[in-house]
Protein chains: 2
Amino acid sequence: MKKNEVTKLSMSDAQVDEAARQFSVLAESARLILLRELMAGEASVGELVERTGIKQGTVSKHLGILAAAGFLERERRGNKVIYRICDPVVYDLCSLMCCRLSDEAKRRAQSLAD
Amino acid sequence: MKKNEVTKLSMSDAQVDEAARQFSVLAESARLILLRELMAGEASVGELVERTGIKQGTVSKHLGILAAAGFLERERRGNKVIYRICDPVVYDLCSLMCCRLSDEAKRRAQSLAD
DNA sequence: GCACTATACTACCTTATCGCGATACTAAAC
DNA sequence: GTTTAGTATCGCGATAAGGTAGTATAGTGC
């Protein structure tokens with residue numbers, strides 16, 4: 001499957017639903033913050049709670065959602081659970097979105113200059 | 001800003017919020033369906049209503065959301081309004097997600113084989 | 001101006017999901 | 001086996017978003 005062929009007309013409605021579901025997993029500030037932390041390397045739930053200030057239950061829930069979506073993988077290590085990014089696509093998706101945001105910012109600055 | 005530097009640790013919480021908002025725009029089946037149609041070329045609201053079977057009010061609303069997010073641009077042509085994709089990033093984001101989905105499918109098939 | 005078509009806007013209801021607190025589970029340590 | 005730290009889950013209230021119907025606005029042709 002080549003990149004530019006994939007999205008043109010070949011997606012079934014079921015695939016569209018699934019894609020939407022995948023995007024919705026990334027459409028949450030808390031989850032992006034967790035991903036951002038995990039981009040620096042694997043971490044346990046407790047470490048992420050400490051670093052982000054998000055409540056434990058909430059962190060656990062979001063990590064579960066990210067793992068269920070296939071972005072993260074879990075590993076039990078003693079009485080801790082380690083999460084790490086297991087799909088490099090995460091980096092690409094976030095990079096694209098970030099570039100897009102900076103471009104938008106430039107565009108808006110341009111508009112203001114008029 | 002280089003691609004692989006962007007998302008590592010440099011995003012502020014405000015940028016994360018904005019990124020989440022952008023992803024949430026794509027986290028909707030109806031909007032992905034409209035994007036899929038528009039990937040074949042520009043189209044009017046009426047044409048999109050016809051092709052997708054989605055109600056006019058709903059189509060108009062979603063097109064408005066996509067345009068507000070900077071994915072689409074509007075052009076009034078007579079008594080019709082034409083929409084078209086104005087940000088090529090859309091193709092990349094959707095391609096990445098589609099490739100990811102097919103990979104996931106393969107992974108799941110592999111798991112079933114065990 | 002008047003009818004007709006195309007698009008946008010508003011209000012309402014429904015559904016989904018977030019964050020939180022409390023609680024239950026799991027594994028190590030004693 | 002009991003305790004303790006770490007993690008997961010459940011139930012709740014609140015908030016946000018989607019879909020629809022109805023209405024308003026804008027352009028076209030007579």
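First the proteins, then the strands, lettered A, B, ... as listed; each starts at 1.
- Residue contacts shown for A:R31 are limited to sugar-phosphate atoms, with no base heavy atom under 4.0 Å away.
- Rounded to whole Å, the distance from NZ on A:K80 to P on D:dG6 is 6 Å.
- No side-chain donor-acceptor contact under 3.5 Å links A:R100 to the backbone of B:V90.
- Using a 4.0 Å cut-off, no side-chain N or O of B:T58 falls inside it from OP1 or OP2 of D:dG19.
- Checking D:dG18, D:dA8, C:dG19 against the side-chain heavy atoms of A:V45 singles out D:dA8 as nearest.
- Contact check for B:Q15 versus A:R36: no side-chain heavy atoms found under the 4.5 Å cut-off.
- One can place CD of A:E75 at 14 Å from P of C:dA27, the figure rounded to the nearest angstrom.
- Distance, A:I54 CD1 to C:dC18 C1': 12 Å, rounded to whole Å.
- If you measure from atom CD1 of A:I65 to atom P of D:dT9, you get 11 Å, rounded to the nearest angstrom.
- Mapping A:A30 and B:L63 onto DNA chain C by nearest heavy atom places B:L63 closer to the 5' end of the strand.
- Contact annotation: A:H62 does not reach the phosphate of C:dT17 (side-chain N/O to OP1 or OP2, under 4.0 Å).
- At the phosphate of D:dG6, neither OP1 nor OP2 sits under 4.0 Å from any side-chain N or O atom of A:Y83.
- Contact of the B:Y83 side chain with the B:E37 side chain is not registered, since no non-hydrogen atoms from C-beta on lie closer than 4.5 Å.
- No donor-acceptor pair under 3.5 Å is formed between the side chain of B:S60 and the backbone N or O of B:Q56.
- Within the nucleic acid shown, B:S44 comes within 4.0 Å of sugar-phosphate atoms alone, with no base atom in reach, counting heavy atoms only.
- Rounded to a whole Å, the CD atom of A:Q56 is 11 Å from the P atom of D:dT9.
- In this structure, the CZ atom of B:R21 is 21 Å from the P atom of D:dT15, given to the nearest Å.
- When heavy atoms are screened at a 4.0 angstrom cut-off, B:E28 is found touching the sugar-phosphate backbone but no base atom.
- Between C:dG21 and A:K55, a contact under 4.0 Å exists linking OP1 or OP2 to a side-chain N or O.
- Taking 4.5 Å as the limit, every side-chain heavy atom of B:Q22 sits out of range of all side-chain heavy atoms of B:V25.
- You'll find the side chain of B:L38 reaches within 4.5 Å of the side chain of B:L48, heavy atoms only.
- Under 4.0 angstrom from either OP1 or OP2 of D:dG6 there lies no side-chain N or O belonging to A:R77.
- Atom C1' of nucleotide D:dG27 and atom CG of B:N79 are separated by 6 Å, given to the nearest angstrom.
- Taking atom CG of B:D17 as the reference point, atom P of C:dC18 lies 14 Å away to the nearest angstrom.
- For the OP1/OP2 pair of C:dT7 and a distance below 4.0 Å, the side-chain nitrogens and oxygens of B:S60 include no atom meeting the criterion.
- The base of C:dG19 lies close enough to the side chain of A:K61 for a donor and an acceptor atom to sit less than 3.5 Å apart.
- Residue-level contact check: A:G57 touches the bases, meaning some heavy atom is under 4.0 Å from a base atom.
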